[in-house]
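To start, the structure under review is shown below, and the notes come after it.
Please read all numbers here as calculations on a predicted model, not as lab measurements.
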Amino acid sequence: MNIPFIILIIFGLFIFLSSFFTVKQQTSVIIERFGKFLSVRTSGLQLKIPMIDRIAGRVNLKIQQLDVIIETKTKDNVFVKLKVSVQFMVIKETVYDAFYKLEYPHDQITSYVFDVVRAEVPKLKLDDVFERKDDIAIAVKRELNEAMTTYGYTIINTLVTDIDPDIQVKNAMNRINAADREKTVAEFEAEASRIRIVAKAKAEAESKRLQGQGIADQRREIARGLVESVDVLNKVGINSQEASALIVVTQHYDTLQAIGADANSNLILLPNSPQAGSDMLNNMVASFSASNQVGEMMKKTNKKVKPKTEINPDYQAPETPEAIE
């Protein structure tokens, strides 16, 4: 067998097979001929001239994400770290620009993100950075789109995914938040206490009012009952003085009976001997008689006084019933 012929066949087979290559989906291949750009090949089976054409590179057409961490200072002199996620992709129609005009796209995007964030965040206070993080992301996207479109890239979205202040600032913010919440709790507790005090005062006032009304009604009914009792006794020949004394003695014994009926009571406010009741009755009758005599004497005295005469300043009132007796 001719060995050179075999080598020639193998070499020819290698050259033939190297003429074919495949391109994956969402990928573009740059073909150069003798170092000069020739064409852009898309997905599928492709053909090139061996030894003349070569694959210069492959460009990924999928959406890619780049996370950039930036440390900067806010308007109130607080250092904070921001994590900005940039989602971008190569424009299919501008693969040539993306491959030849920009050698390190990630570094270029990172530089623009740093520039925009460090221009926007120092205008804001720390609290505003949290509230306006979407505005920062929009500013980054706008700046990147204007710059990267020239190089064949489009920015899909930019997100500020993390804002991390210094640990001491975090602790201070947590303490402020806790103090505000404690203040709110104290205000609600004070308001609840005030409501309870006002409600209790209103309830006590209403209770006292009803209690006073009850006492007044009770006394009114007692007085009405006494009047009725005196009228009944007058009908059977007992005068008002004797009737009053009889009612007082009856109430005295009723009170003693009520106290004795309570097994837990050990307090007696009134005399409880039979002689005490008799003495009280006699004293009441004597008092009523003395008051009647005083009244008769005052009537006689008033009759003796002439009309339009001034009252003698040296006049002395009649003596007490005991002196009269």
Would you say the side chain of Thr154 lies within less than 4.5 Å of the side chain of Met89, judging by non-hydrogen atoms? yes

Smallest heavy-atom separation, Asp76 atom then Lys125 atom, equals OD1-CA, 3.8 Å

Is it the case that one hydrophobic cluster holds both Leu61 and Ile31, taking links as side-chain heavy atoms less than 4.5 Å apart, direct or via other members? no

Would you name the heavy atoms of Leu102 and Pro105 that are closest together and state the gap between them? CD2-CA, 3.5 Å

N/O donor-acceptor pair under 3.5 Å between Ser193 side chain and Glu189 backbone: no

Straight-line distance of Tyr112 OH to Met148 CE, nearest 0.5 Å: 7.5 Å

What about Ile70 and Val80, same hydrophobic cluster or not, with Ile/Leu/Val/Met/Phe/Trp/Tyr joined at side-chain heavy-atom distances under 4.5 Å? yes

Joint hydrophobic cluster, Val59 plus Tyr100, side-chain heavy atoms closer than 4.5 Å: yes

Hey, does Asp67 have a side-chain heavy atom less than 4.5 Å from the side chain of Val84? no

Lys141 and Ile155 have their tightest heavy-atom pair at CE-O, 3.8 Å

With Glu206 as reference, evaluate Lys208, Arg209, Lys202 under the side-chain hydrogen bond (donor to acceptor under 3.5 Å, both in side chains) test and give the passing residue. Arg209

Group every Ile, Leu, Val, Met, Phe, Trp and Tyr by side-chain heavy-atom contacts under 4.5 Å, then state whether Leu159 and Leu82 land in the same group. no

I want to check something: taking the side chain as every heavy atom from C-beta on, are Leu38 and Glu32 in contact at a cut-off of under 4.5 Å? no

Do Val90 and Val40 share a hydrophobic cluster (ILVMFWY, side-chain heavy atoms under 4.5 Å, transitive)? yes

Would you say Glu103 has more than 12 foreign heavy atoms packed within less than 6.0 Å of its CD? no

With rounding to the nearest 0.5 angstrom, report the CG to CD distance, Leu124 to Glu131. 10.0 Å

Consider salt bridge (Lys or Arg N to Asp or Glu O under 4.0 Å). Of Lys36, Arg33, Lys48, which one does Asp53 pass it with? Arg33

Is any side-chain heavy atom of Val140 less than 4.5 Å from a side-chain heavy atom of Val117? yes

What are the two closest heavy atoms between Phe114 and Ile69, and how far apart are they? CZ-O, 3.5 Å

Phe21 and Val23 have their tightest heavy-atom pair at CE1-CG2, 3.7 Å

CZ of Arg118 to CD of Glu71, rounded to nearest 0.5 Å, is 8.0 Å

Does Ser18 reach the main-chain N or O of Ile15 with its side chain, forming a donor-acceptor pair under 3.5 Å? yes

side-chain contact (heavy atoms from CB on, under 4.5 Å) evaluation trace for Gln46 with Val29: CA-CA 10 Å; Gln46 300 291 336; Val29 173; over 6 Å; no

Thr110 side, atom OG1; Leu144 side, atom CG - distance, nearest 0.5 Å: 9.5 Å

Quick check: do Gln108 and Tyr153 have side-chain heavy atoms less than 4.5 Å from each other? no

Within a strict 4.5 Å, meaning less than it, do heavy atoms of the Pro165 and Phe130 side chains meet? yes

Rounded to the nearest 0.5 Å, how far apart are CD of Glu204 and CD of Gln211? 11.5 Å

Report yes if some heavy atom in the side chain of Gln213 is under 4.5 Å from a heavy atom in the side chain of Leu210; otherwise report no. yes

For Asp128, is there an ion pair with Arg132 - N to carboxylate O distance below 4.0 angstrom? no

Find the distance between OG1 (Thr72) and CZ (Phe79) and round it off to the nearest 0.5 Å. 8.0 Å

